[in-house]
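Notes to accompany the following structure.
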Amino acid sequence: MSRPYKKETICIQSGWQPKNGEPRVLPIYQSTTFKYESSEQMGRLFDLEENGYFYSRLQNPTNDYVAAKICELEGGVAAMLTSSGQAATHYAVLNICEAGDHIVLSSTVYGGTFNLITCTMKKMGIECTIVDPDAPAEEIAKAFRPDTKCVFAETIANPALVVLDIEKFALVAHEHQVPLIVDNTFATPINCNPFKWGADIVTHSTTKYMDGHAMALGGCIVDSGNFDWNAYPDKFPGLCTPDESYHGVIYTEKFGKAAYITKATTQLMRDLGSMQSPQNAFLLNVGLETLPLRMERHCFNAQKVAEYLEGHEKVAWVNYPGLKSSQYYETAMKYMPHGTCGVIAFGLKGGREAAADMMDYLELAAIVTHVADARTSVLHPASHTHRQMNEEQLKEAGVASDLIRLSIGIEHVDDIIADLEQALSKIQ
Ligand SMILES: *Cc1c(COP(=O)(O)O)cnc(C)c1O
């Protein structure tokens with residue numbers, strides 16, 4: 001058998017590959033530390049002169065095998081796991097931005113990302129300019145400044161379900177000599193590989209479809225290896241000039257295409273420590289094995305439910321990129337021809353009040369602060385995940401105050417629709 005394998009095969013076979021007599025299933029290396037024969041060898045590990053595990057705050061084999069699988073799925077050169085999607089976003093940006101720098105941010109990103117970048121990172125001295133992802137490239141170009149270090153956006157925005165024109169964003173980022181970082185959580189690498197369209201770095205909340213069973217928080221950063229940091233050494237001194245905290249190592253010189261992930265591991269994990277537990281990585285790996293099967297079912301079910309809702313008299317609007325009526329249908333067809341995700345946004349004619357009533361009547365669909373797992377769930381972002389935002393911020397984020405976020409699971413679609421039907425029949 002020759003590589004590259006197809007994604008279904010990667011999900012099962014890649015990452016951990018046991019040698020003769022080793023366990024078939026990825027072991028959980030439940031150990032904080034690793035043993036060495038000589039003090040000198042340990043020293044070389046600390047100098048990054050030798051590869052090897054020494055402390056699980058930086059690296060752990062279980063995590064690395066799972067990261068390698070996700071890396072292969074995305075078509076990247078290096079990847080790392082983090083304790084959550086938030087940590088992945090934070091490190092992906094902080095790895096190339098410091099106080100005094102600037103980020104261009106899509107307005108429709110996940111609420112957690114929006115808070116992290118516009119509030120917390122602002123306190124750290126990193127500024128951002130928010131852009132409308134649907135704006136023409138010339139408009140987006142106006143947001144860039146000499147101190148801009150990256151562009152951040154989502155392939156499918158949670159919960160606005162805006163599908164990103166990845167090529168447009170990649171072009172405008174590259175024209176301004178900075179990488180495009182894309183959060184690919186909702187599409188997953190099964191439905192979209194942003195690197196193919198020019199994105200440089202991909203982040204994931206593995207908490208969602210990748211785990212898929214709502215069991216374990218986690219995140220992942222994958223580097224395409226395509227961005228040429230050395231072409232702009234003044235912009236990216238952290239990667240292109242000596243790191244005093246590692247005896248003057250220059251990441252791009254010593255690690256080539258692995259420079260970005262190596263720096264994020266050796267500096268950010270070392271200093272900030274948002275490591276994923278090996279136990280969670282193990283669960284994530286089990287989830288990844290069935291990701292292609294589940295995504296197919298999520299998308300199939302969501303398409304049926306979206307069509308059902310669109311035809312319902314009490315429904316005011318439905319936004320699902322798989323619907324022909326969606327303004328993102330063409331973009332979705334281009335970037336995700338096999339399906340988008342299982343999340344649907346819709347509003348009722350009865351508005352915000354009817355939304356709350358209907359959610360309370362649902363029996364199968366649970367009200368939970370989660371999306372993108374095997375069980376159908378529902379949330380009202382304006383009252384829940386996005387409640388810190390004011391009306392104007394909600395509007396910019398593409399979150400109407402009546403928007404119901406319905407995350408379609410992998411149950412039988414007839415049962416999901418029957419549940420919606422009975423709840424809708426009870427509201428005004
Ligand atoms: C949930 C989510 C995150 C944050 O991930 P956590 O694992 O909850 O920290 C980031 N981006 C998107 C698109 C998400 O849906």
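Counting convention: from 1, in listed order, for ligands and their atoms alike. Quick caveat, the model's predicted, so the values are computed rather than measured.
The distance between the ring centers of W229 and Y260 falls below 6.0 angstrom.
Nearest non-hydrogen protein atom to atom 9 (O) of ligand 1 is Q86 N, 2.9 Å. Counting protein heavy atoms only, atom 6 (P) of ligand 1 is closest to G85 N, 3.3 Å. For atom 5 (O) of ligand 1, the closest heavy atom belonging to the protein is S205 OG, 3.0 Å. Of all protein heavy atoms, the one lying nearest to atom 4 (C) of ligand 1 is Y110 CE2, 3.4 Å. In this structure, atom 14 (C) of ligand 1 lies nearest to the protein heavy atom K208 NZ, 2.9 Å. Of all protein heavy atoms, the one closest to atom 7 (O) of ligand 1 is T207 OG1, 2.6 Å.
Residue-ligand proximity, N158 to ligand 1, at heavy-atom distances under 4.0 Å covers atoms 14 (C), 15 (O). Near F186, the atoms of ligand 1 lying under 4.0 angstrom from a non-hydrogen atom of the residue are 15 (O). Atoms of ligand 1 lying under 4.0 Å from at least one heavy atom of E154, given by number and element, are 13 (C).
Note on K334 versus E167: salt bridge recorded, some NZ/NE/NH1/NH2 to OD/OE distance being below 4.0 Å. Between D402 and R352 no salt bridge is recorded (no basic side-chain N to carboxylate O distance below 4.0 Å).
Checked by atom type and distance alone, the side chain of R294 pairs as donor or acceptor with a backbone atom of G287 at under 3.5 Å.
By the 30° and 60° cut-offs, the orientation of the rings of Y232 relative to F227 is tilted. Aromatic ring orientation, F144 versus H176: parallel (interplanar angle below 30°, classes split at 30° and 60°).
Residue contacts with ligand 1 include G218, since one of its heavy atoms falls under 4.0 Å from the ligand.
For the side-chain hydrogen bond (donor to acceptor under 3.5 Å, both in side chains) with Y251, the qualifying choice from N95, T262, D243, T241 is D243, the only one to do so.
Between atom 11 (N) of ligand 1 and the options T185, V109, D183, the minimum heavy-atom separation is to D183.
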I'd like to know whether E127 forms a salt bridge (Lys or Arg N to Asp or Glu O under 4.0 Å) with R145, so could you lay out the CA-CA distance, the side-chain angles of the two residues, the decisive distance to 0.1 Å, and finally the verdict. CA-CA 11 Å; E127 288 185 15; R145 312 192 320 207; 3.1 Å; yes
